[in-house]
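A short write-up of the structure that comes next.
Reckoned from all heavy atoms, side chains included, excluding hydrogens, waters and symmetry mates.
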Amino acid sequence: MARSPSKGQRRLATLLDAVPSAREQLFVAVEEFDPDFDMTAFVLAAQSSDARERNKVAVIERGYEVLINWLHELAARGLAEGQRLGVIDKAPGSPWERLAALGVISHSSATRLQEAKELRDVLAHAYPPAGWKALHEGVLTLTAELDRYIDRCAGWLADEGILRPGDPP
C-alpha cells in the first residue's frame with residue numbers, strides 16, 4: 001500500500017508545479033528589454049514617468065522575489081523531508097550550501113543563489129537607481145541558474161525518494 005505524501009512533500013510538488021509558469025512570466029518580462037536584458041533600458045523604465053514602463057520593471061521585481069523565495073523553500077523543504085524520511089542527516093549551513101555538500105548543485109551555484117537571496121533582502125531597503133542596477137544583476141544571476149537548479153533538485157528529490165513521481169501537489 002502506497003503511503004500518502006506528507007504536507008512537506010505536497011508543498012514540494014506544488015513548488016515544482018508552479019515554477020514553470022513563474023519562470024515563463026519572468027522571462028517574458030525580461031524580453032521587454034531586448035534579448036540581452038539591456039540594463040540602461042531597464043533603469044530608464046524604472047525611472048520613467050510612464051506607469052506602463054514602471055510596471056514592466058515591477059513585474060520583473062516581483063517575479064525575481066517569488067522565484068528566489070520558491071527556490072530557497074524548495075531547498076529547505078527538500079532537506080527537511082529528506083531528514084524526516086531518514087535519507088539525509090541534519091547538517092549545518094544554508095540550504096544551498098547543504099545541497100552543494102550533497103552534490104546536488106555546485107558550490108558556485110550555491111554561492112550565486114545565496115547572493116541573489118541576500119540581494120533580494122537588500123532590495124527591500126534599497127533606493128533607486130542603485131536598487132535597479134542590483135535587481136538587474138540579480139535577475140541575470142537567477143536566469144542563469146534557474147533551469148539547471150530545478151532539474152538538479154527535482155532529480156535529487158526523486159532519486160532520494162523524497163518526492164515520488166505522481167505525488168500530487
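- Here Arg84 pairs with Glu81 under the salt bridge (charged side-chain N to carboxylate O under 4.0 Å, His left out) rule; sequence neighbours left out.
- By the side-chain hydrogen bond (donor to acceptor under 3.5 Å, both in side chains) test, Gln83 is found to be paired with no residue, residues two or more places apart in sequence or in another chain being considered.
- Applying the salt bridge (Lys or Arg N to Asp or Glu O under 4.0 Å) test to pairs two or more places apart or on separate chains, those with a residue in residues 18-30 are Arg23-Asp147.
- Residues passing the salt bridge (charged side-chain N to carboxylate O under 4.0 Å, His left out) test with Lys56 are Glu32, Glu53, sequence neighbours excluded.
- For the pair Thr14 (side chain) and Arg10 (backbone), a donor-acceptor distance under 3.5 Å is present.
- Partners of Ser106 under the side-chain hydrogen bond (donor to acceptor under 3.5 Å, both in side chains) rule, at least two apart in sequence or in another chain, are Ser109.
- Scanning for ring-ring contact (aromatic ring centres under 6.0 Å, His included) contacts around His136 gives Phe37, Phe42, with sequence neighbours left out.
- Legend: residues meeting salt bridge (charged side-chain N to carboxylate O under 4.0 Å, His left out) with Glu115, ordered by chain and number and at least two apart, are absent.
- Applying the side-chain hydrogen bond (donor to acceptor under 3.5 Å, both in side chains) criterion to Asn69, with sequence neighbours excluded, gives Arg120.
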side-chain contact (heavy atoms from CB on, under 4.5 Å) for Leu74 and Ile150? Distances and angles first, verdict last. CA-CA 9 Å; Leu74 186 62; Ile150 292 298; 3.9 Å; yes
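- Asp34 places a side-chain N or O within 3.5 Å of a backbone atom of Asp36 that can act as its donor or acceptor partner.
- Contacts classified as side chain to side chain donor-acceptor pair (under 3.5 Å) and involving residues 70-80 (residues at least two apart or in different chains) are given here: Arg11-Glu73, Glu73-Arg77.
- Annotation: side chain to side chain donor-acceptor pair (under 3.5 Å) contacts involving residues 95-104, sequence neighbours excluded, comprise Trp96-Tyr149.
- Glu145 pairs by the salt bridge (charged side-chain N to carboxylate O under 4.0 Å, His left out) definition with Arg112, Arg148, not counting sequence neighbours.
- The number of heavy-atom neighbours closer than 6.0 Å to CD of Glu118, taken from other residues, nucleotides and ligands shown, is above 12.
- Partners of Asn55 according to the side-chain hydrogen bond (donor to acceptor under 3.5 Å, both in side chains) rule, which considers only residues two or more places apart in sequence or in another chain, do not exist here.
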